[in-house]
Amino acid sequence: MLKLTRPLLRATAAAGFVLTLGMPAAFAAMTATTVTDLNIRTGPGPQYPTVGLAARGSTAVIDGCIEGSKWCRIDINGVRGWVYAQYLTTYFGGSAVVVQERRADLAIPAVTYEAQPNDPVIVSSGDELIGPVEEIDPIVPPDTVRTYVTANPGETVYLDGEVVVGAALPQTVAVRRVPDYNYDYVSINGQPVLVEPATRRIVYVYR
């Protein structure tokens with residue numbers, strides 16, 4: 001399942017994308033699967049706007065990945081965008097592997113992204129959302145929590161990585177309490193999230 005805003009994607013997602021010459025023709029058939037609900041962005045970084053959400057289990061064709069980065073360009077049903085490769089898996093040697101961890105073995109082509117004049121410039125703290133994503137009990141927060149979080153947003157913290165349920169926050173990130181509720185909250189990469197205090201894992205993402 002894929003939720004996309006196509007007009008925005010057509011206007012922005014193609015800009016700045018350069019495919020390194022010499023990509024093997026056979027690579028076009030390589031597919032990957034999203035292991036969690038995953039943002040698709042207009043550029044390779046958490047500061048870029050989202051153009052849609054690839055639901056867990058979505059199948060994507062990999063165009064290529066940026067050398068020295070964890071961001072890859074994918075195609076889902078003809079729609080292209082950038083995703084965090086730590087949350088993509090594919091089959092290699094008869095078993096499922098994380099794309100980011102086996103990029104050399106998979107012979108994924110290198111691509112580059114040329115920054116555009118209007119690209120967002122955000123300075124990350126240098127910290128990273130901690131993975132891998134583990135199974136957690138899903139929660140459905142009441143509307144009163146959304147109201148409180150919206151009215152008291154706090155400052156956004158930018159971290160390397162992608163905001164997904166199950167990822168853990170580093171200890172450097174300060175969270176805020178929701179009154180009379182079991183979970184804390186904080187805004188990560190522009191998205192409010194609810195956090196389990198004991199594990200510091202994200203249990204809900206407001207989109």
Margin query: Which heavy atom of Gln191 sits nearest to which heavy atom of Val163, and what is that distance?
Written below: OE1-CB, 3.9 Å
Notebook entry, point to check: Which heavy atom in Leu194 sits nearest to a heavy atom in Pro141, and how many Å separate them?
Noted result: CD1-CB, 3.7 Å
Donor-acceptor pair, distance only, cut-off 3.5 Å: does the side chain of [X] make one with the backbone of [Y]?
| X | Y | answer |
| --- | --- | --- |
| Ser58 | Ala55 | yes |
| Glu67 | Cys65 | no |
| Arg200 | Val195 | no |
| Thr90 | Thr31 | yes |

Does some side-chain heavy atom of [Y] sit less than 4.5 Å from a side-chain heavy atom of [X]?
| X | Y | answer |
| --- | --- | --- |
| Pro46 | Trp71 | yes |
| Val164 | Val205 | no |
| Tyr183 | Val145 | no |

Next item on the list: Assign the ring pair Tyr206 / Tyr204 to parallel, tilted or perpendicular, where the plane angle (0 to 90°) is split at 30° and 60°.
Entry: perpendicular
Could you go through residues 93-100 and list every donor-acceptor pair under 3.5 Å that involves a side-chain atom there, pairing it with any protein atom two or more places apart or in another chain?
unit_1 : atom_1 : unit_2 : atom_2 : d
Gln100 : OE1    : Arg103 : NH1    : 3.1

Note to self: Could you see if Phe92 belongs to whatever hydrophobic cluster contains Leu88? Use Ile, Leu, Val, Met, Phe, Trp, Tyr and a side-chain cutoff under 4.5 Å.
What the structure shows: yes
Which value, rounded to the nearest 0.5 Å, describes the distance between [X] atom [atom1] and [Y] atom [atom2]?
| X | Y | atom1 | atom2 | value |
| --- | --- | --- | --- | --- |
| Ile188 | Leu129 | CD1 | CG | 6.0 Å |
| Arg207 | Asn39 | CZ | CG | 4.5 Å |
| Arg177 | Asn152 | CZ | CG | 14.0 Å |

Note to self: Applying the side-chain contact (heavy atoms from CB on, under 4.5 Å) criterion to Val186, which one of Val149, Thr156, Ile202, Leu169 satisfies it?
What the structure shows: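 Answer after filtering Val149, Thr156, Ile202, Leu169: Leu169.
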Next item on the list: May I have all residue pairs that pass ring-ring contact (aromatic ring centres under 6.0 Å, His included) and include part of residues 39-62, sequence neighbours excluded?
Entry: Tyr48-Tyr113
Note to self: Under the criterion salt bridge (charged side-chain N to carboxylate O under 4.0 Å, His left out), I'd like the reasoning laid out for Glu162 against Arg41: C-alpha separation, chi angles, the key distance, then a yes or no.
What the structure shows: CA-CA 10 Å; Glu162 189 55 273; Arg41 297 184 180 274; 2.8 Å; yes
Note to self: Quick test of your reading: applying disulfide bond (SG atoms under 2.5 Å apart), list the pairs with at least one residue in residues 141-170, sequence neighbours left out, ordered by first then second residue.
What the structure shows: none
